[in-house]
Amino acid sequence: MKDNIIPHDYQISKEDRQKAKNHNSFLLWFTGLSGSGKSTIANVVEQELFKQGINTYTLDGDNIRKGINNDLTFTPKDRTENIRRIAEVANLMVDAGIVTLAAFVSPYKKDRDNIKSIVKDVNFVEIYINTSVEECERRDVKGLYKKARAGEIKNMTGISAPYEAPENPDIEIKTEDVSVEQAVKQILDYIRPKLQLENE
Ligand SMILES: Nc1ncnc2c1ncn2[C@@H]1O[C@H](COP(=O)(O)OS(=O)(=O)O)[C@@H](OP(=O)(O)O)[C@H]1O
Ligand SMILES: Nc1ncnc2c1ncn2[C@@H]1O[C@H](COP(=O)(O)OP(=O)(O)O)[C@@H](O)[C@H]1O
């Protein structure tokens, strides 16, 4: 069946779209425990980029797990499928010339490696929001840790399901040591050269 799918040769390329917008596009992937600070930091990074006239879009649990992935749970198999679909969507967005931000727990190394192969290494910036489970549990932004401790939530990452920390992330942010503003600056400094088109 797949052999019969023959791609059409569309004439407007990713490079054409990037030139029209005057910046490169790539994926900023935030990984870390629930409550680590992924959404908080991604949100401010996006606001700063938006102010600079950069085309951006953020994928997170609200628009993905309630929409395209509303059939998926938190079993390892479903998490793998969750991340695969998000990576495919992100790949289309990067192809459309958009600096795409994605904030997902994404606890498994093999799933994060798969994102890299879908969007290609050069388009993938892995940002590890490194906050200890003790601190995430203390924050307990959504009350999920309390529920997990009470046995009301199964497979809770950090409590009853694993989190495989990135070994060599592009950016690592320890939110117990740095402020949101410092974290945002670290990310913006890292991506500034990546935004520039080659002939500039
Ligand atoms: N069992 C369990 N483990 C972890 N997280 C849980 C769980 N159940 C619900 N939630 C809430 O769902 C958000 C995580 O969804 P993700 O799509 O990012 O997870 S994953 O990447 O597929 O592992 C996560 O959102 P964030 O807090 O924004 O990380 C939680 O609020
Ligand atoms: N340095 C920091 N960076 C990011 N968030 C922080 C920091 N210090 C405290 N917080 C707080 O931690 C919480 C992180 O929640 P959230 O961004 O929703 O996490 P996640 O998206 O990873 O689940 C927020 O209430 C935020 O205000």
Side-chain angles (χ1 to χ4, degrees), residues 27-48 57-91 100-116 118-119 124-166 169 171-190:
L27 171 61
L28 298 175
W29 187 276
F30 295 77
T31 173
L33 294 170
S34 175
S36 58
K38 302 182 297 297
S39 324
T40 301
I41 296 169
N43 190 23
V44 183
V45 169
E46 184 177 26
Q47 288 175 59
E48 290 300 320
Y57 192 77
T58 299
L59 300 167
D60 75 5
D62 282 340
N63 52 27
I64 295 290
R65 275 201 175 264
K66 287 186 182 158
I68 188 173
N69 287 354
N70 70 3
D71 56 326
L72 301 178
T73 68
F74 289 91
T75 60
K77 188 164 166 272
D78 276 10
R79 289 187 201 240
T80 295
E81 178 60 8
N82 184 42
I83 299 307
R84 187 194 68 78
R85 289 186 202 166
I86 296 161
E88 291 289 357
V89 170
N91 191 37
T100 307
L101 299 89
F104 295 91
V105 174
S106 43
Y108 298 116
K109 183 176 181 304
K110 73 169 171 45
D111 294 344
R112 296 192 301 265
D113 286 346
N114 192 36
I115 308 164
K116 203 187 285 189
I118 290 171
V119 303
F124 180 67
V125 180
E126 187 176 48
I127 304 171
Y128 174 27
I129 306 299
N130 183 354
T131 308
S132 67
V133 67
E134 292 78 15
E135 173 64 9
C136 293
E137 191 166 3
R138 197 188 60 73
R139 293 178 188 171
D140 208 0
V141 183
K142 299 174 180 168
L144 295 176
Y145 288 95
K146 193 162 177 242
K147 286 190 184 162
R149 291 289 182 200
E152 290 165 31
I153 296 181
K154 307 253 175 293
N155 289 325
M156 179 69 193
T157 306
I159 304 291
S160 44
Y163 179 80
E164 299 171 2
I171 303 173
E172 178 172 356
I173 289 162
K174 296 187 175 175
T175 71
E176 285 150 276
D177 299 341
V178 299
S179 66
V180 174
E181 292 68 31
Q182 287 169 319
V184 170
K185 183 173 183 308
Q186 193 180 332
I187 295 168
L188 293 176
D189 286 349
Y190 181 92

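We count ligands from 1, going down the list as the structure has it; atoms in each ligand are counted the same way.
E134 and R138 are not joined by a salt bridge, as no carboxylate oxygen comes within less than 4.0 angstrom of a charged side-chain nitrogen.
For atom 18 (O) of ligand 1, the nearest non-hydrogen atom of the protein is V105 N, 2.9 Å. At the top of the distance list for atom 27 (O) of ligand 1, counting protein heavy atoms only, stands S34 OG, 2.6 Å. Of the protein's non-hydrogen atoms, S39 OG, 2.4 Å is the one closest to atom 21 (O) of ligand 2. Protein heavy atom closest to atom 10 (N) of ligand 1, with residue, atom name and distance, is F74 CZ, 3.5 Å. For atom 30 (C) of ligand 1, the nearest protein heavy atom (residue, atom name, distance) is L144 CD1, 3.3 Å. Regarding atom 26 (C) of ligand 2, its nearest protein heavy-atom neighbour is T40 OG1, 3.8 Å. Protein heavy atom closest to atom 16 (P) of ligand 1, with residue, atom name and distance, is R65 NE, 3.5 Å. For atom 2 (C) of ligand 1, the closest non-hydrogen atom on the protein side is N155 O, 3.5 Å. Counting only heavy atoms of the protein, atom 5 (N) of ligand 2 lies nearest to G37 CA, 3.8 Å.
The local environment of NZ in K110 is crowded, with over 12 non-hydrogen atoms from other residues, nucleotides or ligands closer than 6.0 Å.
You'll find the side chain of T58 stays beyond 4.5 Å of the side chain of N43, heavy atoms only. Looking at T157 and F74, their side chains never come closer than 4.5 Å, going by heavy atoms from C-beta outward. Inter-residue side-chain proximity for W29 and I86 is flagged as met; some heavy-atom pair is nearer than 4.5 Å.
Counting all heavy atoms, side chain and backbone alike, F104 lies closest to L59 at CE1-O, 3.4 Å. Nearest approach of T131 to S36, heavy atoms of both residues: OG1-O, 2.9 Å. Between A165 and Y128 the shortest heavy-atom distance is CB-OH, 3.5 Å. Residues N130 and E172 share a closest heavy-atom pair of ND2-OE2, 2.7 Å. The two atoms that bring N155 and S160 nearest to each other are N-OG, 3.4 Å, heavy atoms only. Closest non-hydrogen pair, T31 versus P166, comes out as CG2-CG, 3.9 Å.
Proximity to L33 (heavy-atom distance under 4.0 Å) selects the following atoms of ligand 2: 22 (O). Atoms of ligand 2 lying under 4.0 Å from at least one heavy atom of V178, given by number and element, are 1 (N). Those atoms of ligand 2 that come under 4.0 Å of a heavy atom in G35, given as number and element, are 14 (C), 19 (O), 20 (P), 22 (O), 23 (O). Contact atoms of ligand 1 toward K38: 29 (O) (distance under 4.0 Å to a heavy atom of the residue). Per-residue contacts place S106 under 4.0 angstrom from the following atoms of ligand 1 (heavy atoms of the residue considered): 20 (S), 21 (O), 23 (O). Heavy-atom contacts of P107 reach the following atoms of ligand 1: 23 (O) (cutoff under 4.0 Å). Close approach to V180 involves these atoms of ligand 2, each under 4.0 Å from a residue heavy atom: 1 (N), 2 (C), 3 (N), 4 (C). Heavy-atom proximity to T157, at under 4.0 Å, picks out these atoms of ligand 1: 3 (N), 4 (C). Those atoms of ligand 2 that come under 4.0 Å of a heavy atom in S34, given as number and element, are 23 (O).
Test T73, N69, D71, D111 against N82 for side-chain hydrogen bond (donor to acceptor under 3.5 Å, both in side chains) and you get one pass: N69. Of the residues listed (I129, L28, I127), the one engaging I41 in a side-chain contact (heavy atoms from CB on, under 4.5 Å) is I129, and it is the only one. Only one option out of V180, I187, L188 pairs with V44 in a side-chain contact (heavy atoms from CB on, under 4.5 Å); it is V180.
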Check against side chain to side chain contact (heavy atoms under 4.5 Å, CB included), K38 and V105: CA-CA 8 Å; K38 302 182 297 297; V105 174; 4.0 Å; yes
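Within the 4.0 Å heavy-atom criterion, the part of K154 lying near ligand 1 is the backbone and not the side chain. The side chain of N82, and not its backbone, has at least one atom closer than 4.0 Å to an atom of ligand 1 (non-hydrogen atoms only; side chain from C-beta on). The proximity of I83 to ligand 1, defined as any non-hydrogen pair under 4.0 Å, is limited to the side chain. If you look at K142 next to ligand 1, the close heavy atoms, those under 4.0 Å, all belong to the side chain. In F104, the parts holding a heavy atom less than 4.0 Å from any atom of ligand 1 are both the side chain and the backbone. Contacts between S179 and ligand 2 below 4.0 angstrom, taking non-hydrogen atoms only, involve the backbone exclusively.
Every N/O-N/O distance between K142 and ligand 2 stays at or above 3.5 Å. Considering both main-chain and side-chain atoms, S36 comes within under 3.5 Å of ligand 2 through a nitrogen or oxygen pair.
Ligand 2 does not have A103 within reach: every non-hydrogen atom of the residue lies 4.0 Å or more from it. Using a 4.0 angstrom heavy-atom cutoff, G61 does not count as in contact with ligand 1.
Here the side chain of E135 pairs no donor or acceptor atom with the backbone of E176 at under 3.5 angstrom. When atom types are taken as modelled, the side chain of R112 and the backbone of I83 share no donor-acceptor pair closer than 3.5 angstrom.
At a cut-off of 3.5 Å, with distance as the only test, no side-chain donor of S34 or Y145 sits close to an acceptor on the other residue.
Among K147, R139, R79, E81, the residue whose heavy atom sits closest to atom 23 (O) of ligand 1 is R79. The heavy atom nearest to atom 8 (N) of ligand 2, out of those in Q182, R139, K174, E181, is found in R139. Heavy-atom proximity to atom 25 (O) of ligand 2, evaluated over V141, D177, L144, is greatest for V141.
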